[in-house]
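Below: one structure, written as structure tokens.
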Amino acid sequence: MKLGITRVCGSWCKPPLSTTLHKPISFDSSIPSSSPLKPQIPLFLRPPIHSAALSDLQKWQHWAKTLPFPPSDDPLDPTLLRRELNWLLEDALEDHSSVPHMGIQSDDRPVRLRTSLEQLYCLWRQRIEERRPFQYVVGCEHWRDLVLSVQDGVLIPRPETEVFVDLVGDLLAKNRDLREGLWADLGTGSGAIAIAIGRVLGPRGKVIATDLSPVAVAVASFNVQRYSLQDIIEIRQGSWFEPVKDVEGKLAGLVSNPPYIPSDHISGLQPEVGWHEPRLALDGGMDGIDDLLHLCNGAASMLKPGGFFIFEFLMNQHPFMSFEEVYAVKLNGGGHSKISCKSTNVLVFLLTHPYLVGNELGYCNDPTLPDVVMFRAAVAHT
């Protein structure tokens, strides 16, 4: 996770995935009955029940363009804001063809909106004056080929986290056991990683996605249902390994994007991040590694032989980047496999996977993936 936010949402939506499934395990991805939370509906999915004169919408657009920025050591980018303003209009309007005509001439014809004109004033003021992330303003984020619901209290998916799915896809293409296995995404947030992995698993593959936050559980469940993955992905609420104790030693893969920002660095983050995104998903303790260490300590007991573990972290965090080369014990204990680890920040524990043992992982040094590193753990199940 990089500390800036650059990806934004439009009003395009990929159709739900249709998949024929076998069901060796029963899953229910509905929001837990104990949770009264209902996720907010993204702006582009709301019904166009509001209306305004196009001339009034033009006045709002002019006001939005001229709203002064508050002073900041990390000022807003005017070019990005102009794009965001157009994206907000596209999501709010039922008929997108009105957008190109907004600045041409005054027009009193009515247009249908997915939110009120008064709310548009409020939303843009929040974006400029409070530095509220644009993804929270419109309620969604583009991530890979998904359009995911996000809202206050849920971490916004980052582009570099897409690498999780690329790594998993490479492995699944070559190994049927992993493709048909049980996976867990701990600290799922919006459910982005779980959903993306669920879409590339085989017909018997399953994912358990967990989060401590009831808001995240509600949003992840909404996203899972929207992509028709209820039979593949189960959402559970709880802290780290607690919700998956019943599958200890059975996981083919374990993925996580845990909090890894040192506590005293939070206040120095980009305002959109430090002021608004959930501290629960950012703060990794004094050194930023409290949750990372907890996950590393528990991962081996959760994975079955040949399983693997991927998580994201900061490049300079001790002890993970104290080596340039990492060695892994083969499954049969015979020798080691060397993997070169260069400047990146997604760490992957490959727990003695037979296919990978003895093979250099070429994409470790891929210059197109500057934020990814592969690391094989010296752990073998007996």
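For clarity, every value in this text was computed on a predicted model and none was experimentally measured.
A donor-acceptor distance shorter than 3.5 angstrom exists from the side chain of S221 to the backbone of V217, with no hydrogens or angles considered. Under a 3.5 Å cut-off, the side chain of E94 and the backbone N or O of P48 do not form any donor-acceptor pair.
W275 places none of its side-chain heavy atoms less than 4.5 Å from the side chain of L269. Side-chain contact check for V219 versus S149: some heavy-atom pair is nearer than 4.5 Å. Considering only heavy atoms from C-beta on, R236 comes within 4.5 Å of D246 through its side chain. At least one side-chain heavy atom of I156 sits under 4.5 Å from a side-chain heavy atom of R158.
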Margin query: Using the rule given for salt bridge (charged side-chain N to carboxylate O under 4.0 Å, His left out), can you reason through R82 versus D77, listing the C-alpha separation, both sets of side-chain angles and the distance that settles it, and then say yes or no?
Written below: CA-CA 9 Å; R82 285 194 293 271; D77 179 355; over 6 Å; no

Check: Taking it one step at a time, do R127 and E84 satisfy salt bridge (charged side-chain N to carboxylate O under 4.0 Å, His left out)?
Finding: CA-CA 10 Å; R127 176 70 188 103; E84 290 181 353; 2.8 Å; yes

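No option in L148, V147, N223 other than V147 meets the side chain to side chain contact (heavy atoms under 4.5 Å, CB included) test with C140.
Screening residues 172-199 for ring-ring contact (aromatic ring centres under 6.0 Å, His included) gives W183-F308 as the qualifying pairs, with residues at least two apart or on separate chains.
Of all non-hydrogen atoms in S263 and R279, the two that sit nearest each other are O-NH2, 3.3 Å.
Note on ring orientation: taking the six-membered ring where Trp is involved, the planes of W60 and Y121 are perpendicular (angle over 60°, cut-offs 30° and 60°).
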